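Working notes for the structure below.
None of these values were measured; they are calculated from a predicted model.
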Amino acid sequence: MKIDNLDIRRAVDSDAAEAADVWLRSYTAALPDVRRAHTDDEVRAWFRHVVVPGKETWVATLEGAVVALLVLDGEELDQLYVDPPWRGHGIGDRLVDLAKQRRADGLTLWTFQVNAPARRFYERHGFVAAEHTDGSRNEEGEPDVRYVWHPEA
């Protein structure tokens, strides 16, 4: 079921707390067995001081409440999280479409190898696994996979 009254816009400073909370809830629901490298308060501070003011951050809102977020950092799709109650409504699809429009030359992203739903989601959107690691390069120590997307010629 696609949501028609969804508003997707650039995040502003006042969105940081809600965006961080969406990230926290989504991470916890999607990756219950993956160690988080930072506390809730550290994540909230990261959104407030780094993510929203320093990266291309987008939020999807319904009736003013943040229900999803997208962060682009150069050619990297750095963060894409949908609040668990809103998954399956096409919000993630719309955010990936936005990312592709904003980075029409191509995108890369990382996700954990154990995150099978995310991997299926990105593969469905044309991303191809390009590299698998043992997790020694991420803070969680979790094996991950790098995906790439290139527009069709």
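Neither side chain, E131 nor Y147, offers a donor N or O lying under 3.5 Å from an acceptor on the other. Using modelled atom types, one finds a donor on one side chain and an acceptor on the other under 3.5 Å when comparing S136 with D134. For the residue pair R87/S26, the side-chain donor-acceptor check at 3.5 Å is satisfied.
A donor-acceptor contact shorter than 3.5 Å is absent between the side chain of K100 and the backbone of W149.
Using a 4.5 Å cut-off on side-chain heavy atoms (C-beta onward), Y27 and V43 make no contact. Contact annotation: the side chain of L6 approaches that of L62 to within less than 4.5 Å [non-hydrogen atoms, C-beta and beyond]. No side-chain heavy atom of L95 sits under 4.5 Å from any side-chain heavy atom of L77.
A salt bridge links E56 to R103: one of the charged nitrogens lies within less than 4.0 Å of a carboxylate oxygen. Between R35 and E142 there is no salt bridge, since none of the side-chain N atoms of the basic residue sits less than 4.0 Å from a carboxylate O of the acidic one. For the pair K55 and E76, the salt-bridge criterion is not met [side-chain N within less than 4.0 Å of a carboxylate O]. One finds no salt bridge joining R48 and D13 here, because no Lys/Arg side-chain nitrogen approaches an Asp/Glu carboxylate oxygen to under 4.0 Å. Salt bridge status for R36 with D40: present, with a side-chain N to carboxylate O gap under 4.0 Å. In summary, D93 and R124 engage in a salt bridge, as defined by a charged side-chain N under 4.0 Å from a carboxylate O. Salt-bridge formation is not detected for the pair R94/D97: no Lys NZ or Arg NE/NH1/NH2 atom is positioned less than 4.0 Å from an Asp or Glu carboxylate oxygen.
Summarising the geometry of T108 relative to R146, their closest heavy-atom pair is CG2-NH1, 4.1 Å, with the distance given to 0.1 Å.
By the ring pair (Phe, Tyr, Trp, His ring centres under 6.0 Å) test, W86 pairs with H89, sequence neighbours left out.
The CG atom of L24 sits 9.0 Å away from the OG1 atom of T39 when rounded to the nearest 0.5 Å. Atom-to-atom distance recorded for R137:CZ and D144:CG is 7.0 Å, nearest 0.5 angstrom. The line from CG of L70 to CG of L80 is 6.0 Å long, rounded to the nearest 0.5 Å.
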